[in-house]
Amino acid sequence: MAPTIHLVRHAQGWHNVNVENETMHDPELTPTGVQQCRDLRAQFPHHEKLTKLIASPMTRTLNTAIHSFGRNDLYPIKALDVLQELSDLPSDTGSSPAKLKEVFGDKADLSQVREEWTQKMDGQLFEPTLEKILARAKESRRLIRDIANLDSDEHVAVVSHGGFLHWLSDEWQGIPMPYPTNWKNCEYRSFKFVDGTGKDEDAKLVETEESWRRRKGSEARLSDQEQDELRRMLQREIVPTLKVKV
């Protein structure tokens, strides 16, 4: 037995509508985004096995978790600040824990959201540099593993962001540049931990065969060497675009 981790990109937020909206701070979901959540709720086949909800503390990710998966026995959603999006744009910068508490109340567990999680300047923990993004992707996987029950076949939904999900999953195949993600809004992909014993320091994930075939059909996966080469190339191209504030 081993848990299945469903990684989900948030539904459409107002910042996804046009580039100008990226100046909006911690934007809400659009009406289209809310409908995307309803569609995901209707289509997701594992609700009865879902035992835990985890999300980035951004407004759009918490609302995606609520609208797509929420039910009383899955609250509160475990909010992890390390799951936030990559860049320092206003649209990728969250709200204070106090403000989130006002909005989401008992539906979100904010105990692991640090006050400084909204700070992305030079030297800060969430500064969008290669070293720090890699570190929090690793921390995210380890925290998810700690929350999941490795000795069960439970399902866990983790709602994060299109850019960060590539770092979290370490899956880089098919990313269209210059936009650094191929995750659609409200898309989910399913993963297992490579090492089910919990001893892997990196807590690496691998997409399940069912998930891969569902979205890729007969397309072959890249070899480890090809994946390594693609990862290095894309990381070099993506990281310089993430730091907007100077």
Peer 1: Side chain of R136, backbone of V82: donor and acceptor closer than 3.5 Å?
Peer 2: yes
Peer 1: Kindly compute the distance separating OG (S169) from CZ (F164), expressed to the nearest 0.5 Å.
Peer 2: 9.5 Å
Peer 1: For N182 versus P176, what's the shortest heavy-atom pair and its separation?
Peer 2: CB-CD, 3.8 Å
Peer 1: Okay, side chain of Q227, backbone of D224: is any donor-acceptor separation there less than 3.5 Å?
Peer 2: no
Peer 1: With distance as the sole test, does T23 use its side chain to make a donor-acceptor pair with the main-chain N or O of E20 at under 3.5 Å?
Peer 2: yes
Peer 1: Taking side chain as C-beta onward, heavy atoms only, is D106 less than 4.5 Å from K101?
Peer 2: yes
Peer 1: Look at atom CD of E131 and say whether more than 12 heavy atoms of other residues, nucleotides or ligands are closer to it than 6.0 Å.
Peer 2: no
Peer 1: Whether the side chain of E226 engages the backbone of S223 through a donor-acceptor N/O pair (distance < 3.5 Å, no angle test) should be reported.
Peer 2: yes
Peer 1: Hey, are D170 and W172 close enough side-chain-wise for a donor-acceptor pair under 3.5 Å?
Peer 2: yes
Peer 1: Is it the case that atom NZ in K216 sees more than 12 heavy atoms from other parts of the structure closer than 6.0 Å?
Peer 2: yes
Peer 1: To the nearest 0.5 Å, what is the distance between NE2 on H10 and OG1 on T61?
Peer 2: 7.5 Å
Peer 1: Would H166 and T181 count as having a side-chain donor-acceptor pair, cut-off 3.5 Å?
Peer 2: yes
Peer 1: Kindly give the heavy-atom pair with the smallest separation between L168 and L205, and that separation in Å.
Peer 2: O-CD1, 4.1 Å
Peer 1: What are the two closest heavy atoms between C37 and A11, and how far apart are they?
Peer 2: SG-CB, 3.6 Å
Peer 1: Taking the side chain from W117 and the backbone from L125, do they hold a donor-acceptor pair closer than 3.5 Å?
Peer 2: no
Peer 1: Using modelled atom types and a 3.5 Å cut-off, is there a donor and acceptor pairing between side-chain atoms of R41 and backbone atoms of Q36?
Peer 2: no
Peer 1: Side chain of E85, backbone of G163: donor and acceptor closer than 3.5 Å?
Peer 2: yes
Peer 1: Would you say that L53 contacts K78 through its side chain, given a criterion of any heavy-atom pair below 4.5 Å between the two side chains?
Peer 2: no
Peer 1: Without swapping roles, check the side chain of D153 against the backbone of P3 for a donor-acceptor pair under 3.5 Å.
Peer 2: no
Peer 1: When you compare the side chain of I5 with that of K192, does any pair of heavy atoms fall below 4.5 Å?
Peer 2: no
Peer 1: Taking S111's backbone N and O only, do any of them form a donor-acceptor pair with D109's side chain (distance below 3.5 Å, no angle check)?
Peer 2: yes
Peer 1: State which residue, out of E209, E207, E171, fulfils the salt bridge (Lys or Arg N to Asp or Glu O under 4.0 Å) condition with R221.
Peer 2: E209
Peer 1: I'd like to know whether Q35 forms a side-chain hydrogen bond (donor to acceptor under 3.5 Å, both in side chains) with T32, so could you lay out the CA-CA distance, the side-chain angles of the two residues, the decisive distance to 0.1 Å, and finally the verdict.
Peer 2: CA-CA 5 Å; Q35 184 59 52; T32 296; over 6 Å; no
Peer 1: Taking E127 first and then K132, would you say they form a salt bridge - that is, a charged N and a carboxylate O separated by under 4.0 Å?
Peer 2: yes
Peer 1: Would you please say whether a donor-acceptor pair under 3.5 Å links the side chains of H25 and T93?
Peer 2: no
Peer 1: Could you tell me if R215 sits above the aromatic ring of Y188, with its cationic atom closer than 6.0 Å to the ring centre and no more than 45 degrees from the axis?
Peer 2: no
Peer 1: Checking salt bridge (Lys or Arg N to Asp or Glu O under 4.0 Å) for the pair D92/R60: CA distance, chi angles, key distance, verdict?
Peer 2: CA-CA 10 Å; D92 290 338; R60 59 187 180 269; 2.9 Å; yes
Peer 1: Tell me the closest heavy-atom pair linking M24 and P27, and the distance in Å.
Peer 2: O-CD, 3.7 Å
Peer 1: Is a side-chain donor or acceptor of D195 paired with a backbone partner of D200 at a separation under 3.5 angstrom?
Peer 2: yes
Peer 1: Does the side chain of E219 come under 3.5 Å of the side chain of Q173 through a donor N or O and an acceptor N or O?
Peer 2: yes
Peer 1: Test side-chain hydrogen bond (donor to acceptor under 3.5 Å, both in side chains) on T30 and Q12 and set out the steps.
Peer 2: CA-CA 6 Å; T30 65; Q12 185 191 68; 2.5 Å; yes
Peer 1: Residues two or more places apart in sequence or in another chain: which of them pass side-chain hydrogen bond (donor to acceptor under 3.5 Å, both in side chains) with D151?
Peer 2: none
Peer 1: Checking Q84 now: which residues fulfil side-chain hydrogen bond (donor to acceptor under 3.5 Å, both in side chains) with it, not counting sequence neighbours?
Peer 2: K120
Peer 1: Can you see whether H155 engages H6 through a side-chain donor-acceptor pair at a distance of less than 3.5 angstrom?
Peer 2: yes
Peer 1: Within a reach of under 6.0 Å around CD of Q225, are more than 12 heavy atoms found that belong to other residues, nucleotides or ligands?
Peer 2: no
Peer 1: Would a 4.5 Å heavy-atom cut-off, applied to side chains only, mark L7 and F191 as touching?
Peer 2: yes
